[in-house]
Amino acid sequence: MLSLRDVNPQQREAIKTVDGPLMVIAGPGSGKTRVLVYRIAHLISIGVPPYSIIALTFTNKAAKEMKGRIRDLVGEKSSSLWMGTFHSLCARLLRYECSKLGFEKNFSIYDTQDSLNLIKSVMSQLGIPTQQFNPSAIQNRISRVKNQLLTPEVCTAQAADLFEEKVAAVYTRYQIRLKENNAMDFDDLLLHPIHLFTTHKKVLSDYQDRFRFILIDEYQDTNHAQYVFIKLLADKFRNLCVVGDDAQSIYAFRGADIRNILDFERDYIGGKIIRLEQNYRSTKTILAGADQLIKKNGGQINKNLWTDNRQGEAITLLECEDDKDEGERISRRIFADIQSKKHDFKHIAVMYRTNAQSRSLEEAFRRNSIPYTIVGGVEFYQRKEVKDVLAYLRCLVNPKDNESVLRIINYPNRGIGAVSVKKILHYAAQRVLPLLSVLTETKDIGGLSEKTKNACASFGSLVEKYNKLRQQISIGELARALVDELGILRIYKDEGTSESMSRWDNVQELLSGISEFDASREKATLEDFLQEVSLVADVDRWDTSFNAVTLMTLHSAKGLEFPTVFITGLEEGLLPLYTPQFENNDVEEERRLFYVGITRAMERLCISRAHLRFRYGDLSYQTPSRFLDEIDSSLIVIDTAGASPTQSKFRTNGILRQRKRATRTDRETGSPYFTDVDPHVDYTSDEEKILDVGSLVEHEYFGRGKVIYVTGKGDTTKAVVDFDSVGRKNLMVKFARLKLL
DNA sequence: ATTAGGCGATTTTTT
DNA sequence: ATCGCCTAAT
């Protein structure tokens with residue numbers, strides 16, 4: 001029997017209430033993961049077969065961790081339990097069932113970028129000008145209506161203005177094209193199962209019978225489609241347990257609907273609600289600050305959070321000159337933290353609202369030799385060179401995948417340019433044939449030169465060749481052979497720039513990733529590999545075994561905890577963020593985001609703001625975030641004593657200084673690098689030299705000036721220089737030919 | 001007529 | 001860092 005000694009009464013009740021709907025409102029740090037883990041272990045221990053349990057988590061990483069803990073409690077039998085993200089479990093379900101919807105099981109999964117490319121292609125097909133109608137705006141809108149489960153027909157009928165008409169037209173055509181490509185986008189992974197369930201009652205009833213116990217984590221961030229999916233699945237037995245916290249809902253922009261949690265009682269009549277209010281994570285001070293802040297939001301479920309933990313130290317507010325100063329001051333605090341306490345680099349996280357903010361922090365950490373790892377940013381699997389190789393593999397798996405074919409038809413360059421591609425595309429579209437299938441038979445395509453036809457044919461036969469080879473060798477060998485034949489690595493090597501070196505690294509890493517995947521399971525298929533990489537988030541790749549400071553957005557920080565947390569950029573317009581383009585600036589959601597950040601901290605919380613910050617390529621004066629006033633000043637100690645950037649004791653002496661640059665690979669693998677041992681240091685280029693803030697310089701036309709700010713790296717380094725004659729100028733260092741005085 | 005390569009502008013949060 | 005536009009080269 002499972003021992004429940006180390007759980008509190010509310011947790012125990014949540015674990016043991018196995019019949020009927022249950023909602024657990026779990027404040028931050030209240031042990032909700034423990035509840036989920038124990039609840040599943042409990043179900044298994046009272047005889048529920050693991051394969052009749054489905055548990056939906058927010059990240060793959062969380063799923064993996066929980067699965068591990070469950071295995072520790074009940075052993076190997078837990079492996080038949082379905083646990084994962086909505087997207088990955090739906091993809092799995094669709095692998096079994098998609099033929100009923102007219103898809104083949106080797107379907108491709110399109111990420112946001114693939115989907116945008118398809119939308120652009122549809123728009124050009126429909127003659128909708130992209131200058132007038134922003135493809136991303138159309139994409140966003142389509143995603144939103146899909147999450148609302150509105151069909152193209154309904155959208156067309158409901159279109160109220162010109163924009164909506166265009167959206168409906170693109171949406172209609174987009175779905176057709178997806179199906180022609182045997183492809184699905186992220187939204188489809190949810191929509192298709194719902195469609196399947198509503199049109200095939202027997203299938204629904206089979207799955208209802210199978211998954212008698214349903215658990216959902218982070219319920220506050222489910223969208224309407226996910227809600228409907230769950231409602232259908234739970235309809236028969238109603239053994240549904242949802243866990244969430246309305247105060248931590250931060251994905252409204254992605255369609256998350258907080259009503260799912262607020263309306264639970266109405267939707268699941270007779271359901272039980274349990275509150276977990278004891279916090280085991282944070283100090284009294286941190287919890288109090290978080291609580292004061294979140295109370296400024298209206299319309300939430302009432303909670304009385306409390307903790308037995310010690311009072312702890314005050315929250316520190318760093319008031320900084322600019323983002324560079326912010327980075328320096330945080331660096332120094334990190335050193336102080338490490339020297340004075342048992343804390344190590346890996347116990348520290350630095351969080352920010354936008355990915356762009358990571359740059360100045362990275363530079364500071366590099367200057368100060370602080371090992372760090374970044375979660376998010378430009379993700380590994382989004383990188384061009386990685387996507388290119390993946391596109392080849394996708395073509396092999398799914399020959400109908402025209403988007404992937406288009407990506408690589410002229411990569412590496414084989415002389416098939418945009419005009420030729422258009423002709424081929426037109427030819428294939430008229431005959432409703434996949435692009436790939438017409439490439440070896442180009443005789444009838446009008447207007448193509450002999451050279452182009454030959455290039456097409458050899459591309460076509462290359463794909464054919466590897467398709468045959470696929471039956472004979474392992475996927476690791478296959479990918480390597482393909483990359484070798486294409487000469488991709490050689491091309492990057494020959495180019496010899498640091499950028500191409502990093503591309504080389506990334507392709508190598510992808511290849512070893514495939515081999516690793518290959519070795520890690522019995523029968524590794526390319527389909528499985530591609531599905532997995534389509535659905536990984538960057539947090540999933542986050543490797544916690546390295547001793548490094550973690551940099552991440554507040555969104556990625558969800559569900560995590562750290563002894564020391566820094567939250568940067570507490571400035572109006574940044575946190576809360578407002579953007580002129582979108583009207584839907586939701587201050588309450590921004591407040592929840594800050595709340596999520598604060599409550600990640602166990603012992604120490606340090607927040608920061610800068611007076612000056614580069615935003616949208618311009619240096620601007622920032623005012624303090626309103627959120628700073630919403631936390632009682634007695635909880636906060638303000639630190640203005642830090643040195644200005646020019647006085648920093650970490651500053652190096654030279655005015656021009658050699659900059660060491662790490663390759664992208666270091667970041668993307670999540671492995672921290674130490675500036676001193678970085679094997680990819682590039683000492684060669686003159687353009688790697690950068691200016692220091694405070695230096696006096698002379699410009700050919702503007703004369704004497706003082707460097708106010710330096711940003712960017714390598715060729716894109718920019719500097720703000722205050723000239724005696726003309727005042728402040730933003731210059732590209734590469735072209736400005738500044739002379740040092 | 002096509003294609004390749006260079007240059008300049010731009011970046012909210014993400015499965 | 002990537003996309004799109006422009007121009008030079010073929």
Side-chain angles (χ1 to χ4, degrees), chain A residues 56-60 84-91 109-113 115-117 120 130-131 135-136 140 143 147 184-190 218 221-223 225-226 250-256 351-359 375-379 381-385 387 410 412-423 447-449 451-452 455 499 502-503 534-540 552-558 569 573-582 584-586 589-590 592-593 596-597 614-618 664 667 712-716 732 734-735:
Chain A
L56 296 142
T57 60
F58 198 73
T59 62
N60 294 300
T85 61
F86 272 97
H87 289 93
S88 58
L89 293 187
C90 283
I109 297 172
Y110 283 179
D111 67 17
T112 313
Q113 199 190 353
S115 143
L116 187 63
N117 288 339
K120 284 177 187 165
T130 51
Q131 289 97 332
S136 316
N140 276 329
S143 176
N147 280 319
M184 304 182 188
D185 68 14
F186 286 145
D187 300 321
D188 288 334
L189 292 177
L190 283 155
E218 309 283 9
D221 282 320
T222 50
N223 63 30
Q226 291 167 329
I250 54 174
Y251 280 95
F253 75 93
R254 206 169 83 185
M351 300 170 190
Y352 35 80
R353 177 63 235 264
T354 64
N355 280 311
Q357 287 167 260
S358 73
R359 203 211 58 234
V375 174
V378 184
E379 292 170 30
Y381 291 114
Q382 312 273 28
R383 299 191 56 82
K384 188 188 169 300
E385 62 276 18
K387 287 206 75 167
N410 198 30
N413 282 345
R414 25 174 101 81
I416 310 174
V419 179
S420 302
V421 167
K422 208 162 189 178
K423 285 172 190 161
L448 287 188
S449 72
K451 220 180 87 199
T452 314
E499 185 184 301
S502 111
R503 291 191 191 280
S534 309
L535 299 174
V536 290
D538 210 47
V539 235
D540 300 330
M552 52 171 49
T553 62
L554 289 162
H555 281 92
S556 313
K558 181 157 108 147
L574 193 55
L575 185 62
L577 182 78
Y578 24 93
T579 51
Q581 296 111 330
F582 297 103
N584 55 340
N585 295 318
D586 181 351
E589 175 142 320
E590 297 290 313
R592 290 193 293 268
L593 197 50
V596 166
F614 251 110
R615 294 201 65 201
Y616 306 115
D618 261 324
R664 300 289 305 179
R667 292 178 43 160
K713 43 191 153 189
D715 290 353
T716 60
M732 289 281 286
K734 190 184 172 194
F735 302 115

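Only this structure's heavy atoms are used, side chains among them; waters, hydrogens and symmetry mates stay out. Residue numbering restarts at 1 for every chain, and letters A, B, ... go by the order of the sequence lines. Worth saying up front: this structure is predicted, and the values here are computed from it rather than measured.
Classified by interplanar angle (parallel below 30°, tilted 30° to 60°, perpendicular above 60°), the ring pair A:Phe186/A:His87 is perpendicular.
If you take atom P in C:dC5 and the same atom in B:dT11, they sit 15 Å apart, rounded to whole Å.
Between A:Phe253 and A:His555, a ring centre-to-centre spacing shorter than 6.0 Å is recorded.
Between the C1' atom of B:dA4 and the CZ atom of A:Arg414 lies a distance of 15 Å, rounded to the nearest Å. Rounded to an integer number of Å, the gap from CG of A:Asp111 to P of C:dT2 is 14 Å. Taking atom CG of A:Asn117 as the reference point, atom P of C:dT2 lies 14 Å away to the nearest angstrom. If you measure from atom CG of A:Asn223 to atom C1' of B:dT14, you get 12 Å, rounded to the nearest angstrom. Between A:Tyr110 atom OH and B:dT15 atom C1' there is a gap of 18 Å when expressed in whole angstrom units. Taking atom CG of residue A:Leu574 and atom P of nucleotide B:dT13, one finds them 11 Å apart after rounding to whole Å.
Of the candidate nucleotides C:dT2, B:dT13, B:dT14, C:dT2 has the atom nearest to the side chain of A:Arg383. Counting only heavy atoms from C-beta on, A:Leu577 has its side chain closest to B:dT12 among B:dT12, C:dC3, B:dT14.
Among the atoms of the strands shown, none is found under 4.0 Å from any heavy atom of A:Asp187. Within 4.0 Å of A:Tyr251, counting heavy atoms only, lie sugar-phosphate atoms of the nucleic acid but no base atom.
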Could you go over nucleotides 1-3 of chain B and give all protein N or O partners under 3.5 Å, atom names and distances?
residue : atom : partner  : partner atom : Å
B:dT2   : OP1  : A:Lys423 : NZ           : 2.7
B:dT3   : OP1  : A:Gly417 : N            : 3.0
B:dT3   : OP1  : A:Ser420 : OG           : 2.5
B:dT3   : OP2  : A:Val419 : N            : 3.2

For nucleotides 4-10 of chain C, tabulate all protein N/O to nucleotide N/O atom pairs closer than 3.5 Å, reporting atom names and distance.
residue : atom : partner  : partner atom : Å
C:dG4   : OP1  : A:Lys120 : NZ           : 2.6

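We find that the ring of A:Phe253 and the base of B:dT14 do not stack by the test of centres under 5.5 angstrom and planes tilted less than 30°.
Residues forming a salt bridge (charged side-chain N to carboxylate O under 4.0 Å, His left out) with A:Lys451 (at least two apart in sequence, or on another chain): none.
Contact check, A:Gln357 against B:dT11: no side-chain N or O comes under 4.0 Å of OP1 or OP2. Applying the 4.0 Å criterion to OP1 and OP2 of B:dT14, one finds that A:Ser556 has a side-chain N or O inside that range. OP1 and OP2 of B:dT14 both lie 4.0 Å or more from every side-chain N or O belonging to A:Thr112. Under 4.0 angstrom from either OP1 or OP2 of B:dT15 there lies no side-chain N or O belonging to A:Asn147.
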Begin from the C-alpha positions of A:Arg254 and A:Asp221 and carry the test salt bridge (charged side-chain N to carboxylate O under 4.0 Å, His left out) through to its verdict.
-> CA-CA 9 Å; A:Arg254 206 169 83 185; A:Asp221 282 320; over 6 Å; no
